[in-house]
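Contents: one structure, followed by commentary.
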2 protein chains.
Amino acid sequence: MKQALKKGFGKGFKRTPQRLAILNYLEGNTLHPSAEDVYRAVTKKDFPLSFATVYNTLNALAQAGTVRELTIDAERKRYDPNTEPHHHLICLKCRKIIDVFEDVPVGKPKCIEKKFSVFGNHVEFYGHCSACRKKC
Amino acid sequence: MKQALKKGFGKGFKRTPQRLAILNYLEGNTLHPSAEDVYRAVTKKDFPLSFATVYNTLNALAQAGTVRELTIDAERKRYDPNTEPHHHLICLKCRKIIDVFEDVPVGKPKCIEKKFSVFGNHVEFYGHCSACRKKC
DNA sequence: ATAAATGCAAAGCATTTGCAGTAAA
DNA sequence: TTTACTGCAAATGCTTTGCATTTAT
């Protein structure tokens, strides 16, 4: 397993088969899966696994900073194993979420300086993906 | 009632006291309230009102484009009566959400052109608000 | 009169939690 | 052998829905 997801294991963090399977599914995954997506993928490929464990593991990983909890979807939480700062394209038709790793210059409004100290930002681009554009 | 929220009323849309009270609370509101916030504020100031009606009304208004449903908070939906394109500051300590109406120039990454047509964007700035900065 | 909204209570999902059994360390 | 994880089932929290009643038009 690659460096990135090893971070998930710290002191007092056990390497169980369930967790390894979840991490294995997340490794390099760009689908921004929900807890249910994780559950379905892992139970299909590997062995039985409970929802409670999926949630426990995702929460532990999020707290450890190994995965990012995305609040892009109003209906459910989604998880991103890529913790490098990046942005997202959201297709308004199929709701697909696509990563943007390219650097996006974001101007900082003047009003911020006075009343807010900014550490980071996240840009959501709304539009149509190529697949949905063809269907029009 | 001002122009903006009159849009909420179209053909076959009834002007009930409950809806007027909800619209009245939303008018000019910059708190990005949740359904529960709406419920509490209206029942306190006006008359009894059911949660079902709050949800029905908010959904109808969102569908009509009179309010924007925000997916900024992982725990619950929040609603923004300001439908002009604008951005948000999110305080990582108190979770307060502050509007940014100032124009924020956002560069469009090259990778987008090929595989995605962009209609709009939304920037979330993460940081600490003035109140929380003082507490540090 | 008609079509739509209200409100209650029940149902539906996503997520969390308590706890007994199980497995990593 | 101790500490933490798993999994079940029950519980929770937000949101939706069915239905009988009420109300705006």
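A, B, ... follow the sequence lines: proteins, then strands. Residue 1 opens every chain.
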- prompt: Does NZ or CZ of A:Arg40 come closer than 6.0 Å to the centre of the six-membered ring of A:Tyr25, within 45° of the ring's axis?
  reply: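 No, A:Arg40 does not lie over the aromatic ring of A:Tyr25.
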query: Do we get B:Arg133 above A:Phe116's six-membered ring, with its NZ or CZ under 6.0 Å from the centre and within 45° of the axis?
result: no
d([atom1], [X]; [atom2], [N]) in whole Å:
{"X": "A:Tyr39", "N": "C:dT16", "atom1": "OH", "atom2": "P", "value": "17 Å"}
{"X": "A:Asp37", "N": "C:dT15", "atom1": "CG", "atom2": "C1'", "value": "15 Å"}
{"X": "B:Leu49", "N": "D:dT22", "atom1": "CG", "atom2": "P", "value": "18 Å"}
{"X": "B:Arg19", "N": "D:dA24", "atom1": "CZ", "atom2": "P", "value": "12 Å"}

field: Residues which pass ring-ring contact (aromatic ring centres under 6.0 Å, His included) with B:Tyr79, listed by chain and number, not counting sequence neighbours
entry: none
field: Qualifying residues under ring-ring contact (aromatic ring centres under 6.0 Å, His included), relative to A:His88, sequence neighbours excluded
entry: A:His32, A:His86, A:His122
message: Can you confirm whether the side chains of B:Asn56 and B:Thr53 place a donor and an acceptor under 3.5 Å from each other?
response: no
task: Please confirm whether A:Phe119 and B:Tyr126 have ring centers closer than 6.0 angstrom.
output: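 That pair fails the under 6.0 Å test.
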Using the 3.5 Å cut-off, write out each protein N or O paired with an N or O of nucleotides 21-25 of chain C and the distance between them.
residue: C:dA24; atom: N3; partner: A:Lys14; partner atom: NZ; Å: 3.1
residue: C:dA25; atom: OP1; partner: A:Arg15; partner atom: N; Å: 3.1

Provide a list of protein-nucleic acid N or O atom pairs under 3.5 angstrom, restricted to nucleotides 12-19 of chain D.
residue: D:dC14; atom: OP1; partner: B:Arg76; partner atom: NH2; Å: 3.2
residue: D:dT15; atom: OP1; partner: B:Lys77; partner atom: N; Å: 2.8
residue: D:dT15; atom: OP2; partner: B:Tyr55; partner atom: OH; Å: 2.5
residue: D:dT15; atom: O5'; partner: B:Tyr55; partner atom: OH; Å: 3.3
residue: D:dT16; atom: OP2; partner: B:Asn59; partner atom: ND2; Å: 3.0

message: Suppose we screen for salt bridge (Lys or Arg N to Asp or Glu O under 4.0 Å). Which residues come up paired with A:Arg68, at least two apart in sequence or across chains?
response: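 With neighbours one apart ignored, the set is empty.
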Please output the side-chain donor-acceptor pairs of residues 100-112 of chain B that fall under 3.5 Å, not counting sequence neighbours, one pair per line with the distance.
residue: B:Glu102; atom: OE1; partner: A:Lys110; partner atom: N; Å: 3.4
residue: B:Glu102; atom: OE1; partner: A:Cys111; partner atom: N; Å: 3.1
residue: B:Glu102; atom: OE2; partner: A:Lys110; partner atom: N; Å: 2.8

message: Please determine whether a side-chain nitrogen or oxygen atom of A:Gln18 lies at a distance below 4.0 Å from atom OP1 or OP2 of D:dG7.
response: yes
